[in-house]
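Since the structure comes first, as structure tokens, the remarks are kept for the end.
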Amino acid sequence: MILKEEKFNIVSETERLVMRPLREEDYKQWLEGFHNKLPSQNKYDDDKTDMSEWTQEAFNDVVQKHQELAIKDEVYVFSLFRK
């Protein structure tokens with residue numbers, strides 16, 4: 001299924017946060033979040049992730065996959081953003 005536009009777009013906001021599905025224009029913020037990730041603080045933390053293969057195109061594929069899963073009513077993936 002190829003989606004031309006977002007169809008799953010539920011947004012919830014608080015005074016300081018926005019919770020919503022990822023959008024293609026979130027790529028730079030999303031990538032920056034992984035680049036600024038601290039080293040593991042405890043045994044449950046993941047190590048730093050190699051982000052060299054995460055291009056805008058690869059990110060867009062993930063966004064579309066999340067949309068497809070939501071439209072199929074299988075999985076709903078939300079992200080949190082500071083306002």
Side-chain angles (χ1 to χ4, degrees):
M1 174 188 313
I2 297 175
L3 302 173
K4 297 292 182 190
E5 60 185 62
E6 283 185 24
K7 300 197 185 253
F8 171 64
N9 193 28
I10 295 174
V11 178
S12 182
E13 296 186 34
T14 67
E15 191 175 305
R16 296 179 293 169
L17 296 174
V18 177
M19 183 180 76
R20 62 172 172 74
L22 285 172
R23 299 175 184 152
E24 291 181 357
E25 60 267 19
D26 294 328
Y27 174 70
K28 287 183 182 180
Q29 286 177 290
W30 177 85
L31 189 62
E32 184 179 310
F34 278 97
H35 280 296
N36 294 327
K37 185 177 174 186
L38 297 173
S40 297
Q41 303 295 307
N42 63 56
K43 65 181 180 179
Y44 301 106
D45 287 346
D46 292 333
D47 290 327
K48 281 195 165 224
T49 305
D50 178 16
M51 300 304 290
S52 62
E53 295 183 20
W54 279 97
T55 63
Q56 175 78 55
E57 184 177 292
F59 180 78
N60 293 352
D61 290 344
V62 169
V63 170
Q64 290 302 310
K65 182 65 175 175
H66 290 176
Q67 288 290 313
E68 291 171 14
L69 291 169
I71 289 167
K72 291 179 188 175
D73 198 25
E74 292 180 9
V75 176
Y76 298 88
V77 181
F78 292 91
S79 296
L80 291 174
F81 299 88
R82 290 186 193 137
K83 281 189 175 180

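Along the sequence shown, the residues carry numbers beginning at 1. If you're wondering where the values come from, they're calculated on a predicted model, not measured in any experiment.
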Worksheet item: Would you say the side-chain atoms of Asn60 and Gln56 include a donor-acceptor pair closer than 3.5 Å?
Response: yes

Discussion item. Going by salt bridge (charged side-chain N to carboxylate O under 4.0 Å, His left out), name the residues that satisfy it together with Lys83, two or more places apart in sequence or in a different chain.
Written reply: Glu13

Item to complete: Identify whether Phe8 and Leu80 are in the same connected component of the hydrophobic contact network (ILVMFWY, side-chain heavy atoms under 4.5 Å).
Response: yes

Item to complete: Please check if atom CD in Glu74 has more than 12 non-hydrogen atoms from other residues, nucleotides or ligands closer than 6.0 Å.
Response: yes

Worksheet item: Mind checking whether Tyr76 and Leu17 sit in one hydrophobic cluster, side chains of I, L, V, M, F, W, Y counted as touching below 4.5 Å?
Response: no

Practice prompt. Find the distance between CG (Asp50) and CZ (Phe34) and round it off to the nearest 0.5 Å.
Written response: 12.0 Å

Practice prompt. For the pair Asn9 and Val11, evaluate side-chain contact (heavy atoms from CB on, under 4.5 Å) and give the outcome as yes or no after the intermediate values.
Written response: CA-CA 6 Å; Asn9 193 28; Val11 178; 3.9 Å; yes

Response to the item:
Here the gap from Ser79 atom OG to His66 atom NE2, rounded to the nearest 0.5 Å, amounts to 7.5 Å

Worksheet entry | Separation of Arg82 CZ from Thr14 OG1 (nearest 0.5 Å) | 12.0 Å

Practice prompt. Please identify each residue that fulfils salt bridge (charged side-chain N to carboxylate O under 4.0 Å, His left out) with Asp26, with sequence neighbours left out.
Written response: Arg20

Worksheet item: What residue pairs, at least two apart or across chains, pass side-chain hydrogen bond (donor to acceptor under 3.5 Å, both in side chains) with a residue in residues 34-45?
Response: Ser40-Asp47

Worksheet item: Which distance, rounded to the nearest 0.5 Å, do you find between the CG of Leu22 and the NZ of Lys65?
Response: 15.0 Å

Worksheet item: Looking at Ala58 and Glu53, what are the two nearest heavy atoms and their distance?
Response: CB-O, 4.2 Å

Item to complete: Answer yes if Met51 and Val62 sit in the same cluster of Ile, Leu, Val, Met, Phe, Trp and Tyr residues linked by side chain heavy atoms under 4.5 Å apart, and no otherwise.
Response: yes

Practice prompt. Measure across Trp54 and Leu31 and return the closest heavy-atom pair with its distance rounded to 0.1 Å.
Written response: O-CD1, 4.4 Å

Worksheet item: Can you tell me how far CD of Gln67 sits from NZ of Lys72, rounded to the nearest 0.5 angstrom?
Response: 12.5 Å

Item to complete: For this output row, return yes or no: ring centroids of Trp30 and Phe59 closer than 6.0 angstrom.
Response: yes

Item to complete: Please report the shortest heavy-atom distance between Met19 and Phe78, naming the atom on each side.
Response: CG-CB, 3.8 Å

Worksheet item: Are Val63 and Val75 co-members of a hydrophobic cluster defined by side-chain heavy atoms under 4.5 Å apart?
Response: no

